[in-house]
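Encoded as structure tokens, the structure appears first; notes follow it.
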Amino acid sequence: MVGSDYMKPEIRRILFSLAVLLWAVCLLYFYGSGRIVKYLAPDFRPIALCGGMGLAVLGSFNLLTFRRVASCGHDHEEEHDHEGGDMNPFASLLLMVAPVGLSMAWTTDSFSQSTLARKGLYDDGPSAAENTFISSVLPPLTMEEIEKSHRKTSDGFLKFDLMELFFATGDREMQDLLSGLKIETEGRIVPEKVNNPNGTRMRLYRMFMTCCVADSRAIPITLEFGGEPPLLPENGWVNVAGTMSFPEENGIIRAVLVVERATAAEVPAEEKFLRR
Amino acid sequence: MNSDAQQDFALAFLSILFEGAPFILLGTLISGFIDIYLPPGTMDRFLPKNRTLAVMVSGLLGAVFPVCECAVVPVIRRLVGKGLPVSCALTYMLAAPIVNPITALSTWKAFQGQAPWMMTGGRMLLGYLVAVGVGLVVARVPIRAILRKSLVDKMEKEPVVEKSSHDHSCGHDHDHAHDHSHHHDDEPDDSRLIAAMRSAQKDFVDVGVYFTIGVAITALFNTGIAPGTQWLDGLAGNTLVAPAALMALAFILSLCSTSDAFIAATLAKFTWGAKLAFLVLGPMLDVKLIFLYQTVLRKKFIVALSVSLFVVIWLASIAAQAWLVPTI
């Protein structure tokens with residue numbers, strides 16, 4: 001009540017309704033435009049839609065009834081208030097609207113390279129020590145099973161998720177099976193900034209998201225071109241095929257795909273790996 | 001802020017906001033309708049006469065009357081004024097923002113892929129135990145050492161009025177103190193509906209302001225824009241320091257318990273125990289609560305309560321990290 005008791009309740013209701021409606025518009029716009037897929041995992045998207053619709057109802061209802069006299073039915077002889085807030089309503093409106101408005105103007109629906117680096121773009125893959133437990137409880141993997149579960153392209157490459165190749169650095173059994181195998185995969189391509197003395201390498205990555213993009217992390221492997229890498233749009237989607245290897249460099253096992261062909265690819269419907 | 005930092009901040013900010021806003025709406029709609037439709041004396045009826053049992057039951061009342069920490073302080077202020085035992089009121093105040101279905105749902109949802117049942121269960125259990133512990137201790141402390149002088153004076157002046165007459169127009173019998181001066185028969189239904197929607201909107205804006213500030217700070221740390229990010233990251237893996245660091249963060253961010261799990265879940269570098277500490281302390285103690293508590297409690301008691309909560313939750317989270325995490 002401190003900051004708002006001097007203000008006419010009608011004005012306060014209008015300001016609060018506008019703040020709520022702006023959030024509603026923001027949620028509904030991102031959902032309706034399809035951009036929500038860049039921000040939230042699938043199971044959170046309908047919740048966001050419901051939230052946007054709920055906010056729209058709440059804000060509209062209060063805006064349309066802002067002049068109506070309403071009683072809660074309680075005794076108001078004692079100190080009692082259902083609408084007064086701790087903060088000046090104009091300050092509340094500004095604090096709720098300004099960051100959302102600025103973010104809507106600033107967002108490009110993607111992270112910059114520096115934040116991608118912070119989210120693991122140039123981190124090493126998991127070590128074998130981290131995966132000992134998983135390896136020990138799973139049955140032995142065979143080449144027949146791999147060939148059965150992965151589609152083969154017309155030119156003889158087995159299609160793999162980047163995630164499988166990334167996590168193979170922590171699984172000696174997978175490394176043995178995949179080493180020397182002809183593999184095709186896809187992801188975003190960026191320059192390689194670690195362990196690239198001859199400038200012949202690039203990095204391929206895809207983001208893995210559990211709930212929202214703020215908790216996502218990069219899943220990368222190294223691409224070795226054996227010469228100057230081809231000109232492909234930086235951070236663009238590419239389809240690469242080549243021979244898989246797991247060399248130990250500076251004491252760390254890396255997933256390296258020796259590339260035979262690399263072409264620009266369509267952006268997939270679901271850009272990020274999702275929790276299953 | 002350069003353009004890269006702006007796009008990073010905006011992406012992280014909006015994604016956390018989209019994730020948490022629906023849960024805040026759910027919580028504030030419920031609290032708004034409770035505020036208008038629930039008679040203030042209703043909770044008294046749920047409490048047993050035995051003091052220890054009453055405290056233990058008070059810790060579970062949030063499951064029936066789910067309110068977040070911002071909403072609970074005015075509620076308990078009103079309830080204490082009407083004769084609810086202080087130990088029960090404080091237990092409810094500390095536990096209700098955590099031990100309630102909305103917080104459980106949001107925590108479970110936010111921690112998908114990160115042992116959600118473990119985090120949700122751990123949070124509920126630790127929150128409940130800490131709140132009941134405080135209630136049992138407070139039950140042995142003189143009321144004047146706990147409550148503001150003005151509140152005690154008011155209670156001493158008006159006990160007979162509050163506890164005597166129960167022959168009121170509602171027509172139902174009560175055998176205990178009962179604040180019941182609402183007169184719902186006089187009010188048209190749509191009038192109360194409008195009041196409930198206004199109350200819900202007011203709660204949403206109150207919580208939304210703090211949530212926005214919290215999300216903005218989190219987005220700055222999440223994307224490495226904020227100064228001190230590397231220092232904070234450096235603490236993340238330290239079993240002893242990480243919980244204290246996140247408890248300090250929870251204190252500063254002052255997030256709502258219905259949405260704080262979405263922030264905690266993004267703190268990927270921190271230990272499970274540190275996130276648990278963040279999620280248990282935040283709804284019990286933060287900057288805004290310090291101000292709200294002063295409307296009910298004495299300053300000395302707030303200091304003692306704050307230090308106790310910090311130490312107990314810190315130790316409990318370290319123990320949980322040591323004993324529970326290997327089983328996940």
Side-chain angles (χ1 to χ4, degrees), chain A residues 13 16-17 19-20 23 26-27 30 36 38-41 43-44 47-48 50-51 54-55 58-59 61-62 65 68-75 77 82-87 92 95-96 99-100 102-115 118 210-215 217 275, chain B residues 3-19 21-23 25-26 29 32 35-36 40 109-110 112-114 181-184 186-187 191-202 204-206 208-209 212-213 215-216 218-219 222-224 262 265-266 268 288 291:
Chain A
R13 284 171 205 148
F16 284 2
S17 297
V20 169
W23 279 36
C26 183
L27 275 161
F30 274 85
I36 199 85
K38 315 257 187 182
Y39 292 80
L40 296 178
D43 46 350
F44 281 90
I47 296 173
C50 293
L55 286 170
L58 181 69
F61 182 94
N62 284 312
T65 60
R68 287 278 302 274
V69 176
S71 170
C72 59
H74 298 160
D75 180 5
E77 284 170 11
H82 297 282
E83 285 191 82
D86 301 329
M87 200 174 280
S92 298
L95 282 167
M96 283 186 71
V100 174
L102 284 173
S103 295
M104 286 177 77
W106 287 343
T107 184
T108 59
D109 301 337
S110 62
F111 282 126
S112 70
Q113 292 297 306
S114 62
T115 294
R118 181 175 159 71
T210 48
C211 294
C212 72
V213 72
D215 67 29
R217 63 156 297 166
R275 169 178 41 80
Chain B
S3 60
D4 276 0
Q6 286 177 354
Q7 79 175 64
D8 292 339
F9 169 82
L11 183 63
F13 176 85
L14 289 175
S15 70
I16 304 171
L17 190 91
F18 292 163
E19 201 183 7
F23 288 90
L25 176 65
L26 179 64
L29 280 174
D35 185 27
I36 301 301
K109 201 72 187 147
Q112 291 296 301
Q114 301 181 56
S181 44
H182 64 287
H183 35 91
H184 34 79
D186 302 341
E187 305 296 337
S191 177
R192 299 189 84 201
L193 176 66
I194 290 169
M197 290 290 265
R198 283 177 186 166
S199 179
Q201 179 167 272
K202 174 256 173 190
F204 186 85
V205 171
D206 278 353
V209 166
T212 307
I213 296 168
V215 172
T218 307
N222 185 276
T223 53
F262 296 106
T266 65
K288 70 172 186 306
F291 289 98

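Since the model is a prediction, treat every value here as computed from it, not as a measurement. Naming convention: chains lettered A, B, ... in sequence-line order (proteins, then strands); numbering from 1 in each chain.
Most heavy-atom pairs under 4.5 Å with chain A, from the set B:Ile16, B:Thr212, B:Val205: that is B:Val205. When the candidates B:Leu17, B:Val215, B:Val209 are compared by the number of heavy-atom contacts under 4.5 Å with chain A, B:Val209 comes out ahead. Each of A:Cys50, A:Cys26, A:Ser17, A:Gly54 has some count of heavy-atom pairs under 4.5 Å with chain B, and the biggest count is that of A:Ser17. Of the listed residues A:Thr107, A:Ile36, A:Thr115, the one with more heavy-atom pairs under 4.5 angstrom with chain B than any other is A:Thr115. Per-residue counts of heavy-atom pairs under 4.5 Å with chain B were compared for A:Ala105, A:Ser110, A:Ser92, A:Ala19; the largest is that of A:Ser110. The candidate with the highest count of non-hydrogen atom pairs below 4.5 Å against chain B, out of A:Asn62, A:Leu95, A:Leu55, is A:Asn62.
By the ring-ring contact (aromatic ring centres under 6.0 Å, His included) test, B:Phe204 pairs with A:Trp23, sequence neighbours left out. For B:Phe13, the ring-ring contact (aromatic ring centres under 6.0 Å, His included) partners at least two apart in sequence or on another chain are B:Phe9.
Contacts of B:Leu26 with chain A are absent, with no heavy-atom separation under 4.5 Å from either backbone or side chain. At a 4.5 Å heavy-atom cutoff, B:Ala219 makes no contact with chain A through either its backbone or its side chain. Using a 4.5 Å cut-off between heavy atoms, B:Leu14 touches chain A through backbone and side chain atoms alike. Heavy atoms of B:Ala265 lying under 4.5 Å from chain A belong exclusively to its backbone. Only the side chain of A:Phe61 comes within contact range of chain B, with heavy atoms under 4.5 Å apart.
Going from atom CZ of A:Arg68 over to atom CZ of B:Arg198 covers 8.0 Å, rounded to the nearest 0.5 Å. For the atom pair CZ (A:Arg13) and CD (B:Gln201), the distance works out to 10.0 Å, reported to the nearest 0.5 Å. One distance of note links CG of A:Leu58 with CE of B:Met197; it measures 5.0 Å at 0.5 Å rounding.
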Report task. Would you please test A:Thr108 and B:Ser3 for side chain to side chain contact (heavy atoms under 4.5 Å, CB included) and show each step? Result -> CA-CA 10 Å; A:Thr108 59; B:Ser3 60; over 6 Å; no

Report task. Determine, step by step, whether B:Phe23 and A:Ile47 satisfy the side chain to side chain contact (heavy atoms under 4.5 Å, CB included) criterion, reporting the C-alpha distance in whole Å, the side-chain angles of both residues, the deciding distance to 0.1 Å, and the verdict. Result -> CA-CA 9 Å; B:Phe23 288 90; A:Ile47 296 173; 4.0 Å; yes

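For A:Ala48 against B:Pro22, the heavy-atom pair with the smallest separation is CA-CG, 3.9 Å.
Note: B:Phe18 and A:Phe30 have tilted aromatic rings, judged against thresholds of 30 and 60 degrees for the angle between ring planes.
Between A:Ser112 and the options B:Leu11, B:Thr223, B:Asp4, a side-chain contact (heavy atoms from CB on, under 4.5 Å) holds for only B:Asp4.
Salt bridge B:Lys109/A:Asp43: present, at least one basic N to carboxylate O contact under 4.0 Å.
Side-chain atoms of B:Gln7 do not come within 3.5 Å of backbone N or O of A:Asp109 as any donor-acceptor pair.
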